[in-house]
2 protein chains.
Amino acid sequence: MNRLAVHDERLPLYQRLRDDLLRRIADGEWGPGDAIPTEAELNQGYGMATGTVRKAIDMLVAEGVLTRSQGKGTYVRRPDFTSSLFRFFRFKTKSGEAVQPTGRVLGRSVRKPPVEVRQALGLDESEPEAIFLSRLRLIDDQPVLAEDIWLPRARFEPLVELKLKDFGDLLYPLYESVCKQLVASARERLTVEVAGKALVERLGIEAGSPVIAVQRVAFNFAGAPIEWRCTRGSAAGFQYEVDIR
Amino acid sequence: MNRLAVHDERLPLYQRLRDDLLRRIADGEWGPGDAIPTEAELNQGYGMATGTVRKAIDMLVAEGVLTRSQGKGTYVRRPDFTSSLFRFFRFKTKSGEAVQPTGRVLGRSVRKPPVEVRQALGLDESEPEAIFLSRLRLIDDQPVLAEDIWLPRARFEPLVELKLKDFGDLLYPLYESVCKQLVASARERLTVEVAGKALVERLGIEAGSPVIAVQRVAFNFAGAPIEWRCTRGSAAGFQYEVDIR
DNA sequence: CAGTGGTCTAGACCACATG
DNA sequence: ATGTGGTCTAGACCACTGT
């Protein structure tokens, strides 16, 4: 018989169950790709009706934390970031096929981040320094995006000594395998800038041309911020679509 | 005893009920602000269990078609467009308060629209001409946005003769009162351009500076496109935020 | 107070996936 | 054949709204 952890008694049962399941995921009881207990097990374990359990799971599915497969089970979702704003840069190879850019870390340092980053990452006086990465994203070996990344040192200590060439194409799998840091969600902010000297050099675009800047803060399952990054690329060909009601 | 209109028997009951309710809304049986029948009435009228009716209503609420008020009833939502991309132009008056721009129609003509617009509005050979509006949005009498608008003539005939000064600040209420055309949803596409001569004149911005272009197609409750518009404004200060998982 | 939507129960049966 | 999630029933009781 499972028991709900401390919760506000005034909240609906399904809400409390949703919170409890999310807590167990954040605690690492089930990781991405794992199946959570079946609905029948949750019914009996928590002593609730099927409809109540389903509603709690519905919420977590709607939030993108879980996915259901009829006949198989309910799984903790491994977030892919195909919904990221980057996918609206419509990158193509020379031959015209759509493609994901590769990644290359150019530089790394450990120093005090700007106030904006400190606040976004929730760093206090006890943790003055963070890891800074300068990174390029390329297609056909041509740079298309420039990234500035800040990571809290306490969580990402192993990256301080890692050789730059061992960072590989994708950072989030590296965070998981080397630092046990899982990205569960993110918030992105898009603005438009004008290409300055630094960007002209890094991306080889014209000075004064419009640039899309996407600033992202990534969070783990517990809702704590674990990464700050800003990605910049030419606004030419950028296109974002949204449905409203 | 109500009956579901023709529907695919293989679809779940709640799905068929949802389709039927949406059809009745599109048919004008209930307009924006009206209450739909109570859950008990729907239970009995359609001969379904409460849970099934609730699930159908849940879907329409999630889609933004209905809103629920505990103790009062369930209502057809009057869409406001506070979720439009325009809200990310952070407009302020000279005194610094956030504000909605006013509107002014500068010109109107009836002519053949470009292919892109014809396709978006689903116009065929039987309807070669459409209404074109050129419009400015202003704050403190300073132009901040320039709009090009196309309307299918068959739906908006009364606007051909309306005096320009009688168009007023907001178009959608005008569409409803004068043309009986209700906007239920829309799709917006955001791109970045560089200010050309025409826009420099209309908005008084610098040539070559970045410009946000938002192209919108608006739909009625039946899902038919009824308006095409493209709005352009300076990219300075534009900021868009999104959560991803 | 009566009427509304919100929560919750305790099942039955169906559709799909896997061995 | 077994176990999973998906659909649906037929209610009971609660919380909120307006008269």
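Order of the sequence lines fixes the chain letters, A, B, ..., with proteins taken first and strands second; residue numbering starts at 1 for each chain. Everything numeric here is computed off the predicted structure, so don't read it as measured data.
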Distance-only, no hydrogens or angles: does the [X] side chain make a donor-acceptor pair with backbone N or O of [Y] under 3.5 Å?
X         : Y         : value
Arg77(A)  : Gly64(A)  : yes
Glu127(A) : Pro152(A) : no
Arg137(B) : Leu145(B) : no

Inset, instruction - Measure across Leu138(A) and Asp141(A) and return the closest heavy-atom pair with its distance rounded to 0.1 Å. - result: CD2-O, 3.7 Å
To the nearest angstrom, how far is [X] atom [atom1] from [N] atom [atom2]?
X        : N       : atom1 : atom2 : result
Leu66(A) : dG5(D)  : CG    : P     : 11 Å
Asn43(B) : dG3(C)  : CG    : P     : 16 Å
Leu42(A) : dT9(C)  : CG    : P     : 13 Å
Met59(A) : dT7(C)  : CE    : C1'   : 13 Å
Met48(A) : dA10(C) : CE    : C1'   : 15 Å
Asp58(A) : dC8(C)  : CG    : P     : 14 Å
Arg16(A) : dT7(C)  : CZ    : P     : 12 Å
Lys55(A) : dA10(C) : NZ    : C1'   : 18 Å

Inset, instruction - Between Gly71(A) and Tyr14(A), name the one whose nearest nucleotide on DNA chain C is closer to the 5' end. - result: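 The residue closer to the strand's 5' end, by nearest nucleotide, is Tyr14(A).
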Legend entry - Nearest-nucleotide 5' precedence on DNA chain C, Gly73(B) against Leu13(A): Gly73(B)
Selected nucleotide, minimal atom distance to [X] side chain, candidates [options]:
X        : options                  : value
Lys72(A) : dT9(C), dA17(C), dC8(D)  : dA17(C)
Gln70(B) : dG11(D), dC16(D), dT7(D) : dC16(D)
Glu39(A) : dG6(D), dT7(D), dT7(C)   : dG6(D)
Thr52(B) : dG6(D), dC8(D), dT9(C)   : dC8(D)
Ala49(B) : dA10(C), dA10(D), dT7(C) : dA10(D)
Thr74(A) : dC8(D), dT9(C), dG5(D)   : dG5(D)
Arg54(A) : dA10(C), dG5(D), dG5(C)  : dG5(D)

Legend entry - Phosphate-side-chain proximity, Arg68(B) and dG6(C), N/O vs OP1/OP2 below 4.0 Å: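 Answer yes for this pair, as a side-chain N or O of Arg68(B) is under 4.0 Å from OP1 or OP2.
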Inset, instruction - Can you measure from CZ (Arg104(A)) to CZ (Arg135(A)) and round to the nearest 0.5 angstrom? - result: 11.0 Å
Inset, instruction - Go through the N and O atoms of the side chain of Thr38(A) and the base of dG5(D), and report whether any donor-acceptor pair is under 3.5 Å. - result: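 No, the side chain and the base share no sub-3.5 Å donor-acceptor pair.
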Inset, instruction - Identify whether any heavy atom of Ser69(A) sits under 4.0 Å from a base atom; if not, whether one sits that close to sugar-phosphate; answer base, sugar-phosphate or nothing. - result: sugar-phosphate
